[in-house]
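Below is one structure, written out as structure tokens; the observations come after it.
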Amino acid sequence: MNEYNIAERLTERATQSPEQIAIAEPLFKGKRPLRDKDGKRKYKTITFEELDSDSNKIAAALQKFGVVKGMRLALMVRQGIDFISLVFALYKTGATLVLIDPGMGVKRMLVCLRDAKLNGFVGIPQAQIARVLYSRWFPHAKYNLTVGRRLFWRGLSLSEIRALPDATPSDPHTELDDPAAIIFTSGSTGVAKGVLYTYRMFKTQVEQIVERLKIQPGEIDLVGFPFFGLFDAGMGATAVIPDMDTTRPASVDPALFLEAADDWKITQSFGSPALWNRVVDYCLERNRKIPSLKRAVIAGAPVRFELLEKFRRVLTEDAEIITPYGATESLPLASVESREVLRETAQRTKRGEGVCVGQFFPPPLQTKIIPITDDPIKYLEDLPEVPQGEIGELLVSGPQASPGYVTRTEANALSLVHDASGRVWRRVGDVGWIDERNRFWFCGRKSHRVETPTGPLFSIPCEAISNASAKVFRSALAGAALPVDFQAPPDAELSDRARRFRSVWRLPVMVVEPYSAERPKTARERDALVAEILELLSRSPITRTITTVLICDSFPVDVRHNAKINRELLSEWATAKLSGKTIPLENAPIKG
């Protein structure tokens, strides 16, 4: 008997509401959307009872094929009914699901899959072809299921399984701390790492998301981010799949996205800031609202309050806009609603205090803010907590925090800390501070701070100062390699901390991306924009030491949300630029 398995939530829902639609996805003929005679979009749907039965049949076939508890199977299928049914089927076998974002590029994706030491692939033909071509990287990948046409390789095919009679899989006997999935980070702050997810993590995430967001069974969710769609079945919500490329949310077609919203009278939707920027601007340009949407969730990168302000104008008065906070390794940690941001914290963000992400979730989650260090921490007691109001490094411990990485495991030494009781704490990699109401103010990634002779500069507070310009879409603090002629202050003028960080001093550079319409067309316009930003920076005590500004037409961003700025690449770009050289800024998405 299972101690816990996330698939049990699907079976419970199938028993309670068998006829409720679990998933709806748009139908196509080739690449052309199918519509009825009145022009209304056609959808393929599956009920909770059908989804439970379909995943049972697939799980039973996989078990007969030889798949057993603990095997690692990569799931490489496009978002939709097949994807979600296969997820639950794999859970019902007890296999460990390996999920990876294809938007990171083929080469990086293959490296991640190699590192995962796979027992098989569940994927579309292109994934199976890659497996065959790189077979030496996957010597143990013997259990393969093709979603689509199976060509010259062996294994199962989804269409053949679905032609079989209904079947029930055997109980895999999963326990709370058994591996459930390996989910790869986006690699936006380094090499992508495989994060171990246990059944305890999934259980906690579903329960806390339902409680904090007040999600009710029967709600209808428009899935702007695939991983969130996996929770819908567990929460009793209908998942509507929009007509969009989920690997490029910044290129979403707002008309198609809103068509699905109207067709299904959606009640909630999760998307990145890049997605919602396009959708909200489209609504405002056409003076339209999203009347049924009562809860919008924005995550993946810090959310500018200008977006929250615009978003509120396209929703009903009682609708909520929630920005949760967390990381792939520990999610969720905190959340805040738009009204609190706009009424209480926005002005403080503008002054450079960071971005308020709200209060942390309740126990058993525990949090600590410790002095910032790049060194491993053997025991938590080795470092004190910083005083309230002081910027430090965030540590968390709780059932929603991953027990560790299972690829690139050398990162565990820097990421995990034990206390005297044996409790494991995870270093989130973020810096920030706690205010008088016990809210966390995010000040950026620890790796994005720029160490200078006068102390560290933190990305989010500094960038807020230059973002005050009406011409600036977004800013990024970069740390360029110090020029040869840099004159360091005498030792006598340096603090002990500054002396310790002498070897990592960088030249702070503010890189700004203007709005498309504000991009300088001449050298004079460029100089004028640089002068305006320098004036803003000089007025604030936290940025007055930044005396170098560079203009960049389009920032490189992460592949998952198209919203997190790749500051590492911008730092390399700034170093080259200041040396009179040029390097390419890859992966910059289409932006509206």
Side-chain angles (χ1 to χ4, degrees), residues 204-215 225 228 231 268-273 276 294-312 315 318-369 385-386 388-401 426-446 458-461 463-464 561 563-564:
T204 304
Q205 288 174 341
V206 171
E207 291 173 350
Q208 294 201 343
I209 289 171
V210 167
E211 182 179 351
R212 182 64 66 98
L213 272 60
K214 299 180 176 62
I215 297 172
F225 180 54
F228 196 84
F231 289 113
Q268 77 165 27
S269 185
F270 181 113
S272 76
W276 286 121
K294 66 179 185 180
R295 184 187 310 104
V297 184
I298 314 178
V303 182
R304 292 182 63 163
F305 43 80
E306 291 88 350
L307 172 58
L308 298 178
E309 203 169 46
K310 292 188 297 183
F311 209 159
R312 292 227 59 88
L315 301 178
D318 59 345
E320 291 186 317
I321 306 170
I322 297 169
T323 55
Y325 166 74
T328 306
E329 299 89 337
S330 46
L331 181 74
L333 295 177
S335 69
V336 67
E337 206 280 322
S338 61
R339 293 176 183 85
E340 183 175 350
V341 173
L342 295 173
R343 294 171 184 170
E344 301 179 27
T345 70
Q347 291 305 313
R348 296 175 71 174
T349 295
K350 287 181 180 180
R351 293 196 298 267
E353 296 187 41
V355 173
C356 179
V357 297
Q359 293 184 338
F360 288 114
F361 279 74
L365 175 68
Q366 294 187 34
T367 62
K368 290 182 182 294
I369 309 293
E385 290 189 65
V386 302
Q388 184 185 62
E390 183 176 316
I391 296 176
E393 178 183 346
L394 174 64
L395 272 68
V396 301
S397 182
Q400 63 266 65
R426 173 166 282 282
R427 301 170 74 175
V428 179
D430 292 343
V431 295
W433 58 282
I434 302 292
D435 71 7
E436 66 284 351
R437 290 175 51 187
N438 208 31
R439 297 177 299 190
F440 182 62
W441 290 72
F442 172 68
C443 293
R445 297 290 291 170
K446 181 176 68 173
F458 301 104
S459 58
I460 300 301
E463 290 159 8
H561 301 287
K564 292 179 183 174

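Sequence positions, counted from 1, serve as the residue numbers for this chain.
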Spell out, as yes or no, whether a donor-acceptor pair under 3.5 Å connects the side chain of Gln205 to the backbone of Leu331.
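Confirmed, Gln205 side chain pairs with Leu331 backbone.
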
Thr349 (side chain) donor-acceptor with Gly354 (main chain) under 3.5 angstrom
yes

What distance separates [X] [atom1] from [Y] [atom2], expressed to the nearest 0.5 Å?
X      : Y      : atom1 : atom2 : answer
Arg437 : Glu340 : CZ    : CD    : 5.0 Å
Ser335 : Ile209 : OG    : CD1   : 10.0 Å
Ile321 : Leu315 : CD1   : CG    : 5.0 Å
Thr323 : Phe305 : OG1   : CZ    : 13.0 Å
Lys368 : Leu395 : NZ    : CG    : 9.0 Å
Gln268 : Ile215 : CD    : CD1   : 4.0 Å

With a 4.5 Å limit on heavy-atom distance, are the side chains of [X] and [Y] in contact?
X      : Y      : result
Glu344 : Arg439 : yes
Leu333 : Thr367 : no
Ile322 : Val336 : no
Asp318 : Lys294 : no
Phe361 : Val396 : no
Ile369 : Glu390 : no

When Phe311, Phe225, Phe270 are each screened for ring-ring contact (aromatic ring centres under 6.0 Å, His included) with Trp276, the one that passes is Phe311

[X] and [Y]: which non-hydrogen atoms are nearest, and at how many Å?
X      : Y      : value
Pro461 : Cys443 : CD-O, 3.4 Å
Ser272 : Ile298 : C-CG2, 4.0 Å
Arg212 : Pro362 : NH2-CD, 3.9 Å
Ala334 : Gln359 : CB-O, 3.2 Å
Val428 : Arg445 : O-NH1, 3.0 Å

Side chains of Arg426 and Ser330: is there a donor and an acceptor less than 3.5 Å apart?
no

N-O pairing of [X] and [Y] below 4.0 Å:
X      : Y      : result
Glu337 : Arg312 : yes
Lys446 : Asp430 : no
Lys214 : Glu320 : no

Let me see the working for Thr204 and Leu365 under side-chain contact (heavy atoms from CB on, under 4.5 Å), right down to the final yes or no.
CA-CA 10 Å; Thr204 304; Leu365 175 68; over 6 Å; no

Is the Tyr325 ring parallel, tilted or perpendicular to the Phe442 ring (thresholds 30°, 60°)?
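The rings of Tyr325 and Phe442 sit tilted, inter-plane angle from 30° to 60°.
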
On the 0 to 90° scale, with breaks at 30° and 60°, tag the Trp441-Trp433 ring pair as parallel, tilted or perpendicular.
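Parallel: the ring planes of Trp441 and Trp433 meet at under 30°.
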
Give a yes or no on this: more than 12 heavy atoms of other residues, nucleotides or ligands lie within 6.0 Å of atom CD of Glu207.
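Counting other residues, nucleotides and ligands, CD of Glu207 exceeds 12 neighbours.
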
Begin from the C-alpha positions of Glu353 and Asp435 and carry the test side-chain contact (heavy atoms from CB on, under 4.5 Å) through to its verdict.
CA-CA 10 Å; Glu353 296 187 41; Asp435 71 7; over 6 Å; no

